[in-house]
2 protein chains.
Amino acid sequence: MKNTDHIPQNAASVRALDAIDRKILGELGRDATLSFSDLSQRVGLSAPAVHERVKRLKAAGVIKRTVAILDGPALGKTLLAFVHVDTTGWGKTAALMALAKLPEVEEIHSATGDTCLIMKVRVASSEALEGLLSQLYDVDGVRSTRTYVALSTHLERTVQADISDELALGPHIK
Amino acid sequence: MKNTDHIPQNAASVRALDAIDRKILGELGRDATLSFSDLSQRVGLSAPAVHERVKRLKAAGVIKRTVAILDGPALGKTLLAFVHVDTTGWGKTAALMALAKLPEVEEIHSATGDTCLIMKVRVASSEALEGLLSQLYDVDGVRSTRTYVALSTHLERTVQADISDELALGPHIK
DNA sequence: ATTGAAACGACCAGGCG
DNA sequence: CGCCTGGTCGTTTCAAT
């Protein structure tokens, strides 16, 4: 008797990602302009089959959206920085989250360590960065900030579909 | 011999971005699946005209690529962290840059402040993070690391085309 | 999941402001 | 020189096997 048959199939859209799904995600994560015909022969399926899978992956939220990656400097945003914000009390206040409306603010995370909030910001100039920090200190509860300016970016990409073998099982034995 | 062939297109295609270009970039940065017909009526131009502009923006490198944004947790990567790496000497060694081959490493920046390198990593577990840190300490010249684990992510997006009015001129205007 | 067919969008050419 | 109109072709996407 095979008890592996009791796989919950009632939730059709939440079934586990197989190897083909991961390969599709890997390709689209690198280049979303690929046609379904190109994709199909890379993964060894027909175009409609791949189309069906992509639709499923989008519906399931695995593919959140597809966007054009823009060049900061070309848009005049030459300065990238990470700002660590130390607050009194818990950092996630509405006033702080309101900073998300600024297009210069790209990321906001609550974090462990000696800081409460980590922001990734990309601005046009040091003056603009100063303006942002000025707005930060205007927020009630902001105790201090520490800013790390990126001098050069050696790698910058979005979530990758792959998982490295070395890290899959933790620190390897030497 | 036609030496006009490899003239860098300074005058012709590297002309400044106008308002329509910025609007196009704004839309595509949010959703690159838009059809040219949709785009065209949003910016008030014909489809071929928009097509021409997008082609120019890609050639100029303003649009670097278009990718599918994937969901980390859905792929099993539930742990996001920023690792600050302190090194002896200058941080940008080949051994450190080799870590870019790990799909878990999403960003590597050289930075000012009390650290040399900032890495953004997304891993499947705390064990995987430990494995990554273990590899880091194996690299010659790595003195210490400080890790900030993201407890929750309130905002995470790519480079935005817009520039906020408040920051455009620095902190002087209130 | 595959095949075939229909609808749509991308993309090229020529002409106008 | 950049934009618009018409036309062609490839692609997406649906229906049936």
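In what follows, every heavy atom counts, from backbone to side chain, and hydrogens, waters and symmetry copies are set aside. Remember, predicted model here, so these are calculated numbers, not experimental data. Below, chain A is the first sequence line, B the second, and so on; all start at residue 1.
Taking atom CD of residue E52(B) and atom P of nucleotide dC1(D), one finds them 13 Å apart after rounding to whole Å. Rounded to whole angstrom, the span from the CD1 atom of I20(B) across to the P atom of dC1(D) amounts to 19 Å. If you measure from atom CG of L39(B) to atom P of dC11(C), you get 13 Å, rounded to the nearest angstrom. When rounded to the nearest whole Å, the span between NZ of K58(A) and C1' of dT13(D) equals 13 Å. L34(B) places its CG atom 15 Å from the C1' atom of dC8(C), with the value rounded to the nearest Å. Rounded to an integer number of Å, the gap from CZ of F36(B) to P of dT12(D) is 14 Å. dC11(C) atom C1' lies 17 Å from atom CZ of R56(B), rounded to whole Å.
P103(B) has its side chain out of reach of I163(A): every pair of non-hydrogen atoms, C-beta onward, lies at least 4.5 Å apart. With a 4.5 Å cut-off on side-chain heavy atoms, R122(B) and E104(B) do not count as touching.
Of the candidate nucleotides dT11(D), dT2(C), dG9(C), dG9(C) has the atom nearest to the side chain of S35(B). Of the candidates dT5(D), dC12(C), dT2(C), the closest approach to any side-chain atom of S46(B) belongs to dT5(D). Candidate nucleotides dG9(C), dG6(D), dC14(D) were compared by shortest atom distance to the side chain of P48(A), and dC14(D) ranks first. Closest approach to the K55(B) side chain among dG9(C), dC12(C), dA1(C) is made by dC12(C) (side chain taken as heavy atoms from C-beta onward). Listed nucleotides dT11(D), dC11(C), dC4(D) differ in distance to S37(A); the shortest reach to its side chain belongs to dT11(D).
The closest donor-acceptor contact from the side chain of K55(A) to the backbone of V50(A) lies at 3.5 Å or more, if one exists at all.
With L75(A) as the fixed residue, the side-chain contact (heavy atoms from CB on, under 4.5 Å) test singles out one of D162(B), D21(B), L17(B): L17(B).
The shortest distance between the side-chain N/O atoms of H51(A) and the OP1/OP2 oxygens of dT12(D) is not below 4.0 Å. The phosphate of dG2(D) has neither OP1 nor OP2 within less than 4.0 Å of any side-chain N or O from R53(B).
Residue V50(B) is the one, among A47(A) and V50(B), whose nearest nucleotide of DNA chain D lies closer to the 5' end (criterion: closest heavy atom).
The aromatic rings of H84(A) and Y148(A) sit perpendicular to each other, their planes meeting at more than 60°, with 30° as the lower class boundary.
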